[in-house]
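Just so we're clear, the structure is a prediction, and the values are computed from it rather than from any experiment.
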Amino acid sequence: MRPSLKLPAATSATPRLRIGLVIDSWDWHARRLSKALAPHADTFAMKLEDCGFSTQSESGLVIPGCDQLLDAVMVRSMSGGSFEAVTMRLGVLHALRERGILVWNDARAIERCVDKSTTSFLLARAGIPTPPTWTTESHGSAVEIVRREAAHGPLVLKPLFGSQGRGLRLIRDAGELPQPEAVKGVYYLQRFMGVDREGFRDFRLLVSRGRVVAAMARHAPTWITNVKRGGKPVAAVVDDHVRRLAVQAAAAVGAAFAGVDLLFGPDGHPTVLEVNSMPAWSGLQKIAPVDIADALAADLVAALRQRAERMASA
């Protein structure tokens, strides 16, 4: 665990903010966020696997390196683990929120985004265009879905919990479906919406506090366009309609900030594919006109100030 970040004490009478930065490694993103938060607050890195609960402590929580409750917590990344371990780590985030601490993104938003089936459900319920999607634990049901739907075009089989384009499969025939153990017992099938227009292209928009901070197109010779899979980030100008869709998608899952992925389907209309509550942005930063870490830090501090003003006037 990286030691707490010690920053100079505030010189004014107003106490400095205290913000925890949840990370799983001291990577480029963590360093950028720590630097961006430093002018606004005393910050320290925290790993959820190092935290815990204690009914004997005043807060009910154990957070190494933190001797008092925080003003806010920003979740940059959370490492994987067993179902029990991940449940406890999310429980810590739930508990922080229950203690009145502003958590970006809180456990509810993370849970909704990590589970792609819940994301799809919430997008569709909010009336946001998203590809037709089916989720089932039954191999037989998955076979029936593919037999029925493949006549209208291929389906994408995605890991229910997954990111960065890992584990994606294009399914054109029921015989291409793997056995349940290969998909950890859950089949998440989504209509393939990609169109080869001299290569494939989709868009990543980073939303924070109800606005689009930056946007990029991702170009690739294959239908998997993630930057980690060889997609090339390209500056993109997106219209107001696409911006509204991205903002609405983040709101639908309850995310204060999010990476929203969308593309233009065969009909030429935009459709939202996924919402990421712990988005990476190293590729996006290469073409973004703003410093994304600075924007996220400023938005978190603004939200804290707004909340303090609201509580003072109540």
Side-chain angles (χ1 to χ4, degrees), residues 1-7 9-10 14-27 29-30 33-34 36-38 40-115 118 122 161 208-209 250 253-258 276-279 296-297 299-314:
M1 176 70 183
R2 189 177 177 84
S4 300
L5 304 178
K6 300 298 184 182
L7 301 175
T14 303
R16 278 176 63 83
L17 295 171
R18 288 174 53 81
I19 297 177
L21 179 61
V22 175
I23 62 171
D24 58 17
S25 66
W26 195 245
D27 63 5
H29 291 88
L33 277 175
S34 178
L37 286 165
H40 308 287
D42 293 332
T43 66
F44 72 96
M46 51 188 287
K47 290 189 175 183
L48 292 178
E49 58 263 43
D50 294 336
C51 300
F53 293 88
S54 171
T55 59
Q56 303 305 298
S57 72
E58 182 179 354
S59 67
L61 291 164
V62 176
I63 303 176
C66 179
D67 55 2
Q68 57 184 292
L69 280 176
L70 302 161
D71 295 292
V73 168
M74 175 172 274
V75 183
R76 161 57 208 127
S77 58
M78 188 176 76
S79 58
S82 68
F83 178 79
E84 291 82 359
V86 172
T87 298
M88 195 200 76
R89 294 167 196 171
L90 289 169
V92 170
L93 296 181
H94 278 297
L96 287 166
R97 178 177 176 274
E98 291 296 323
R99 293 289 302 178
I101 296 168
L102 183 63
V103 182
W104 273 27
N105 281 306
D106 69 24
R108 298 168 305 169
I110 293 172
E111 289 163 350
R112 292 165 182 169
C113 291
V114 167
D115 177 357
T118 299
L122 292 171
F161 304 153
S208 178
R209 218 168 171 238
V253 299
F257 69 98
N276 192 324
S277 63
M278 293 179 283
L296 293 175
D299 281 353
L300 175 58
V301 171
L304 276 170
R305 289 173 179 164
Q306 185 180 62
R307 187 174 74 158
E309 291 169 359
R310 186 168 58 247
M311 293 173 63
S313 62

key: Donor-acceptor contact present, side-chain Arg89 to main-chain Gly80, <3.5 Å   = yes
ask   = For His94, does its backbone N or O pair with a side-chain atom of Asp106 as donor and acceptor, under 3.5 Å?
value = no
message = Would you say that Leu96 contacts Ile63 through its side chain, given a criterion of any heavy-atom pair below 4.5 Å between the two side chains?
response = yes
inquiry  = How close do Met46 and Gly20 get, counting heavy atoms only, and between which atoms?
reply    = SD-CA, 3.9 Å
note = CG of Leu21 to OG of Ser77, rounded to nearest 0.5 Å, is 8.0 Å
remark   = When every non-hydrogen atom of Ala250 is compared with those of Ala258, the smallest separation belongs to CB-CB, 4.2 Å
ask   = Do Ser79 and Glu49 come close enough that some side-chain heavy atom pair is under 4.5 Å?
value = yes
query = Do Asp115 and Phe161 have side chains that get closer than 4.5 Å, going by heavy atoms?
reply = yes
task = Please name the pair of heavy atoms, one in Ala41 and one in Arg18, separated by the smallest distance, quoted to 0.1 Å.
result = CB-N, 4.5 Å
ask   = Testing Val73, Asp71, Leu300 for side chain to side chain contact (heavy atoms under 4.5 Å, CB included) with Leu102, which one passes?
value = Leu300
inquiry  = Show the nearest heavy-atom pair for residues Pro279 and Phe257, with the distance to one decimal.
reply    = CD-CE1, 3.8 Å
message = Taking the side chain as everything from C-beta on, heavy atoms only, tell me whether Val75 gets closer than 4.5 Å to Trp104.
response = no
task = Compare all side-chain heavy atoms of Leu304 with those of Ile19 and state whether any distance is below 4.5 angstrom.
result = yes
remark   = Correct closest heavy-atom pair for Ile23 and Ala30 would be CG2-CB, 3.7 Å
Val22 backbone acceptor or donor facing Arg76 side chain under 3.5 Å = no
query = According to the side-chain hydrogen bond (donor to acceptor under 3.5 Å, both in side chains) rule, which pairs have a member within residues 299-311, sequence neighbours left out?
reply = Ser208-Asp299, Arg209-Gln306, Arg211-Asp299
query = Does Ser277 offer a backbone N or O that forms a donor-acceptor pair with the side chain of Arg112 under 3.5 Å?
reply = no
message = In the structure I gave you, are the side-chain heavy atoms of Thr118 and Glu111 within less than 4.5 Å of one another anywhere?
response = no
ask   = Of the non-hydrogen atoms in Ala45 and Trp26, which two are nearest, and what is the gap between them?
value = CB-CZ3, 3.7 Å
ask   = Is Leu90 close to Met78 at the side-chain level, that is, under 4.5 Å between some pair of heavy atoms?
value = yes
